[in-house]
There are 2 protein chains.
Amino acid sequence: MEQDMDEHMDKDMTASGPRGAAPAARAGTRERLIGAGVRLFGLHGFEATSTRALATEAGANLGAIPYHFGGKEGLYHAVAGHIVDVMLAQVGPSMAGALAVCQDPAARREDVLAALRTTVRGMVRIMLATPEARSFSQIVLQEQIAPTSAFPIFYERFLKRVHGMWCVLLARLTGLDPESTELTLRAFATMGQLVIFRMAMASALRRLDCDRLDDAHLECIARIVCDQVEAMTESCSPVCTEATS
Amino acid sequence: MEQDMDEHMDKDMTASGPRGAAPAARAGTRERLIGAGVRLFGLHGFEATSTRALATEAGANLGAIPYHFGGKEGLYHAVAGHIVDVMLAQVGPSMAGALAVCQDPAARREDVLAALRTTVRGMVRIMLATPEARSFSQIVLQEQIAPTSAFPIFYERFLKRVHGMWCVLLARLTGLDPESTELTLRAFATMGQLVIFRMAMASALRRLDCDRLDDAHLECIARIVCDQVEAMTESCSPVCTEATS
DNA sequence: GTCTATAGTCGGATAGAC
DNA sequence: GTCTATCCGACTATAGAC
């Protein structure tokens, strides 16, 4: 239930115990269990993943799960925290860059659009292109559809920030109030254009009659989203965008 | 695994058995079990829903599930078929209307856009406004994220048709080839603008700081999607749309 | 067709040796 | 910290009375 049990996580990768034999050879049991959790929870969901399967996948003992995490749910929370850490590390920089551009009053419209493209490509990459994307996204999306006690980990630490960045970006491009309902919903709709390709990838692949999205597909998706934002910001409010600083 | 066991479903609502007592008073066990499946599978997912909970929710006996559906998975398939039937009945007419407009060479751009608005409002309604929307959508979305043997029921009978309609509509408005990858992906992106509000509704409500989407929100969402399609069809190809017939 | 009782399996968590 | 053995509850499915 709580998440106060995954504090001592970032340290002691090397000193795994009293007997100093082969401590660095294999990652700590704790880390391997989190890795197994990412894979198995992502593939089958929380309920359908058994502690026995997790322990086997991690090459760990069944009792290690209650010992390290207090139980299956504690492991799930640790997995959630790990996913947020990695995703923030991957998209954080481009998000920060986009925010900086938006807050720079001297930035021209083209600068903002360039930051938009960079950010969208980063998101396409983290969601659709990387090998761990599938597991990560499946867990995040499951929590969106059917929130559990782990929902706040994803929302407060990741989704709220991503949505906030979209709001700032769209506000800068359209001149709408960043706190308005209109802009809040437009930011969600924009994110939806990306998210659907992860969520409904099985349908998309069936429709495209292929077994994975290739680089051309990913480039096309990124372009479509950027085009849509540009089109929105033109039709929505031709004013505001006082270009050429 | 198979779905050849839900054939005799549409008949015999009244003749429930040898003893003719109270056959119409309460819906047949079969129908009540499907209703329970819609609610519980939608709330908790397939794995997390037990046959005991299903039987209790339906006011039926535990043994009725293997008897009527061959097992828990058979019930799940029957639930999937039921959901597709109801959703098709609700959005089918407006989809057919939109297709008819698209195929009418005399239709003006405004006619196509009017059909678009009608269809979008119907989809917003079925996904976000109706009481059964939550259960229906949760099951459909779960199947998108983590497909099971029931996936083809949703894809072949429902999603493929909805996506196909979007392709025809966008093709008519943009002049792009309906079979092109570009248009296929644009149709998905457009659907994503709607779907995200169902999928990430927990996040959206938290961000909006309210506990349900009211009519103003729904109207705004429908308008945003229609605006985006219009903006796309203008920027994407200012040609094609030979208005005023 | 519906019920009770039960079989057979698997789930998560724990105890205690090492 | 890690392992083995085990408890106990919950699960799905079935058998057989009615």
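The model shown is predicted, which means the values in this text are computed figures rather than measured ones. Reminder, nothing fancy here: chain letters follow the sequence lines and each chain counts from 1.
Side chains of W166(B) and L183(B) form no contact here, defined as non-hydrogen atoms less than 4.5 Å apart.
The side chain of T29(A) places an N or O atom within less than 4.0 Å of a non-bridging phosphate oxygen (OP1 or OP2) of dT2(D).
The nearest whole Å value for the distance from the CZ atom in R32(A) to the C1' atom in dG1(D) is 12 Å. For the pair L54(B) CG and dT12(D) P, the computed distance is 8 Å after rounding to whole Å. Note: CG (L33(A)) to P (dG12(C)) measures 13 Å, nearest angstrom. As a whole-Å value, the separation of Y67(B) OH from dT2(C) P is 7 Å. Between the NE2 atom of H68(A) and the C1' atom of dG12(C) there is a distance of 17 Å, given to the nearest Å.
T190(A) and Q228(A) are not linked by any side-chain donor-acceptor pair at a separation below 3.5 angstrom, with hydrogens and angles left out of the test. For the residue pair S149(A) and H77(A), a side-chain donor N or O sits within less than 3.5 Å of a side-chain acceptor on the partner.
Residues from residues 39-50 of chain A lying near DNA chain C, meaning a heavy-atom separation below 4.0 Å, are T49(A), S50(A) in numerical order.
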Can you give me every donor-acceptor pair (side chain of residues 43-50 of chain B, partner residue at least two apart or in another chain, under 3.5 Å) with its distance?
from, atom 1, to, atom 2, distance (Å)
T49(B), OG1, L40(B), O, 3.2
T49(B), OG1, G45(B), O, 2.6
S50(B), OG, A53(B), N, 3.1

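The salt bridge (Lys or Arg N to Asp or Glu O under 4.0 Å) search around R157(A) returns D85(A), not counting sequence neighbours. Every residue meeting the side chain to side chain contact (heavy atoms under 4.5 Å, CB included) condition with Q90(A), not counting sequence neighbours, appears here in chain and number order: V86(A), I126(A), T130(A), E132(A).
Applying the ring pair (Phe, Tyr, Trp, His ring centres under 6.0 Å) rule to pairs touching residues 192-211 of chain A yields nothing, sequence neighbours excluded.
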Per-nucleotide protein contact string for nucleotides 13-18 of chain D, where B marks a base within reach and S marks sugar-phosphate only (heavy atoms under 4.0 Å, - for neither) = BB----
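The structure places NE2 of H163(A) at 5.5 Å from OG1 of T184(A), a figure rounded to the nearest 0.5 Å.
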